[in-house]
Structures are given as C-alpha cells and as structure tokens.
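Quick notes on the structure that follows.
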Amino acid sequence: MSVSDINHWFGITQNASEHGGLVDHMLGFVHWFMLFLFIGWSIFLIIAFTKFRQSKSPKADYHGVRGHASTHIEIGVVIVEAILLLGFAFPLWSRQADDYPTSPDTIKMRALGEKFLWNFQYPGDDLMLSSWDPRQVSAANQVGRDLQDPNGKDDFVNPGTMKLPVNRPVIVDVASKDVIHNLAIVPMRAAQDACPGVKAHMWFKPVRTGTWDIICGQLCGPGHAQMKAVLEVVEGPEFDEWAKEMSTAAAAKSAEPAK
Ligand SMILES: [Cu+2]
C-alpha cells in the first residue's frame, strides 16, 4: 500500500474485478477532494471565528464580503464535481449498464434473495438457464425455476455460495422472493438491488482468485446482518469440473420419475 492509496486508509476491500480499478480510481479522487474541502472549510472556520470575534468587531458590517475569491473557489469546486460526474462516473456507469459481455465463455447465472439467504442458480452443461418465476419458489424449488423448461433439466442451485472461474465475465440475474435485498459483492465493485417482482441484471469479471463475503446491501429485516453468502473465485478447470459434477447430478435427478 502506498501513502497515496487513500481508499486503503478507509479499509476498502481489495478489488478483484476487471472494472473495479476504475471505480477505485474515482473513489480515490473523491476521497482526496473531500479531504481537501474538509481542510479548506476548517481553515475558513478558524479564520472566521478569530477575525470576526465579538471583542474585535463589536459592530456589524452590513457590506460583508467585497472580494471575489469565494465565488472563484465555488466555481472551481463545481468544475471539479462536473469532471467527476461527466468524466468518470457517467462513462463507467454507461459501460456497466449498456455493454454487457457477449463472449461465448460468459457465465450466466441467477441470484434469488430471500429472508435471509442467497440462492444461486447455474445453467448447467447446456449453458442455458431455465425460465423462472420467483413466485413458484417451494421447498423443492429454491429459485422458482420452470420445471417444464428443457433448458432447466441440468440447471443446479447452490445456496449460499457463488462459485466462479477467474477471468470469465459473469452476468447475474437478480431477484427477490420476499422483500428488497441487495446483492452486494464488494471485491467485484458490483451491487444490485433485488426487488420482488423485478428481474434485474448485473455483470462483472473476476480477475483474481480468492474467497470473500457477499452481503445484503439493503436493510431487510432482523436477519439482515447475517444474510451473507460466499464468493469463491477459482481457476477455470476447477470450476468446470465442479459445474460438470453438479450439472450431471441435477440432470440425473430431473430424469427420475416424479414421485
Ligand atoms: Cu437482505
């Protein structure tokens, strides 16, 4: 860590996603700017308290400020904030909102929030997710997938753990079974509200292997603080082997005659 890494002073989790560096760059810029403004305002307050203390100015001056310095400083602050929004925030947001990955190795999966856990559905060997309806959730069907949809025959659900391969983009459909949650994956610098009745999407690309917590970013009830899942980013072959095994087991189960 270098002294200039102001984000680290605030204890921000290390970034592990491809686009996260840009988010951190912007955050760092904002933090330095806030520090600069804080120091500026503090100096102003000290000057105002000393210069305009009652013993020194017993009579009010009805003309007030005559110089233009404060106007120039305010314009400077507005320009910096405009650069932040137009130069950093909007382009970054537009890329995450509009440029979804289309490469064939993209992982498409789902996260369904419920009080108080996350269920993850994977597409299985055919790489096709079944259609789903969170209203169809039952004890035997944790994400409410359409049991008639042939694409879902080899889909599998992994509650509590989001396992992903490194260096492959991931698109996650996010929804909720009950109240508003938020799938907050801090090391991926990505978060998406999970609202009942809405199928939302988010994407990111892990570029580092490791294990982190996924948390719920919306206060959703008494179990909110424990609403954690695990993000496990592993090497590609390890993921493929795991996904194959889970998918084969799911396909075998779907092929069983219904009881
Ligand atoms: Cu929640």
[X] atom [atom1], over 12 foreign heavy atoms within 6.0 Å:
X	atom1	result
Met109	CE	yes
Phe44	CZ	no
Glu241	CD	no

Quiz question: by atom type and distance under 3.5 Å, do the side chains of [X] and [Y] form a donor-acceptor pair?
X	Y	result
Gln121	Asp155	yes
Asn182	Asp193	yes
Asn15	Ser17	yes
Gln136	Asp146	no

Could you grab the distance from atom [atom1] of [X] to atom [atom2] of [Y], nearest 0.5 Å is fine?
X	Y	atom1	atom2	result
Asp24	Asp5	CG	CG	8.0 Å
Asp173	Arg110	CG	CZ	5.0 Å
Asp99	Ser94	CG	OG	6.0 Å
Met26	Leu85	CE	CG	8.5 Å
His25	Asn7	NE2	CG	10.0 Å
Glu235	Asn167	CD	CG	8.0 Å

Student check: side-chain heavy atoms of [X] and [Y] closer than 4.5 Å:
X	Y	answer
Ile185	Met202	yes
Lys199	Trp132	yes
Val186	Trp212	no
His224	Cys216	yes
Trp118	Leu183	yes
His31	Leu35	no
Val30	Phe88	no
Arg168	Lys205	no

Between [X] and [Y], what is the shortest heavy-atom contact and its length?
X	Y	answer
Gln142	Pro159	NE2-CG, 3.5 Å
Pro165	Pro206	O-CG, 4.0 Å
His19	Phe204	CE1-CB, 4.1 Å
Cys195	Ile180	SG-CG2, 4.2 Å
Ala194	Ser176	O-CB, 3.4 Å
Phe120	Gly160	CE1-C, 4.0 Å

Classify the ring geometry of [X] against [Y]: parallel below 30°, tilted from 30° to 60°, perpendicular beyond 60°.
X	Y	value
Phe33	Phe36	parallel
Trp9	Trp32	perpendicular
Phe116	His181	perpendicular

Pair Lys253 + Asp154, salt bridge at N-O below 4.0 Å
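Asp154 and Lys253: not salt-bridged.
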Could you tell me whether Arg95 and Glu18 make a salt bridge, using a distance below 4.0 angstrom between a side-chain N and a carboxylate O?
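So Arg95 pairs with Glu18 through a salt bridge.
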Any chance the rings of Phe156 and Trp242 have centres within less than 6.0 Å?
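Yes, close enough.
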Do [X] and [Y] sit in the same hydrophobic cluster, where Ile, Leu, Val, Met, Phe, Trp and Tyr count as joined when their side-chain heavy atoms come under 4.5 Å apart?
X	Y	answer
Val166	Met188	yes
Ile6	Ile39	yes
Ile43	Leu37	no
Leu129	Tyr122	no
Leu164	Val143	no

Let me see the working for Lys115 and Val179 under side chain to side chain contact (heavy atoms under 4.5 Å, CB included), right down to the final yes or no.
CA-CA 8 Å; Lys115 292 194 274 181; Val179 300; 4.1 Å; yes
For Asp125 and Met246, run side chain to side chain contact (heavy atoms under 4.5 Å, CB included): C-alpha distance rounded to whole Å, both residues' side-chain angles, the deciding distance at 0.1 Å, then the answer.
CA-CA 9 Å; Asp125 254 355; Met246 296 292 278; over 6 Å; no
Sub-3.5 Å donor-acceptor pair from the side chain of [X] to the main-chain atoms of [Y], do we have one?
X	Y	answer
Ser247	Gly124	no
Trp203	Val172	no
Arg145	Gly152	yes
Gln192	Ala184	no

Go through it in stages, so that I can follow the logic: the residues are Leu92 and Val23, the test is side chain to side chain contact (heavy atoms under 4.5 Å, CB included), and I'd like the CA-CA distance, side-chain angles, deciding distance and then a yes or no.
CA-CA 8 Å; Leu92 189 55; Val23 176; 3.6 Å; yes
Would you please test Lys228 and Asp213 for salt bridge (charged side-chain N to carboxylate O under 4.0 Å, His left out) and show each step?
CA-CA 6 Å; Lys228 283 198 296 188; Asp213 281 343; 3.6 Å; yes
Test log, rule side chain to side chain contact (heavy atoms under 4.5 Å, CB included), inputs Thr161 and Asn158
CA-CA 6 Å; Thr161 303; Asn158 202 39; 3.7 Å; yes
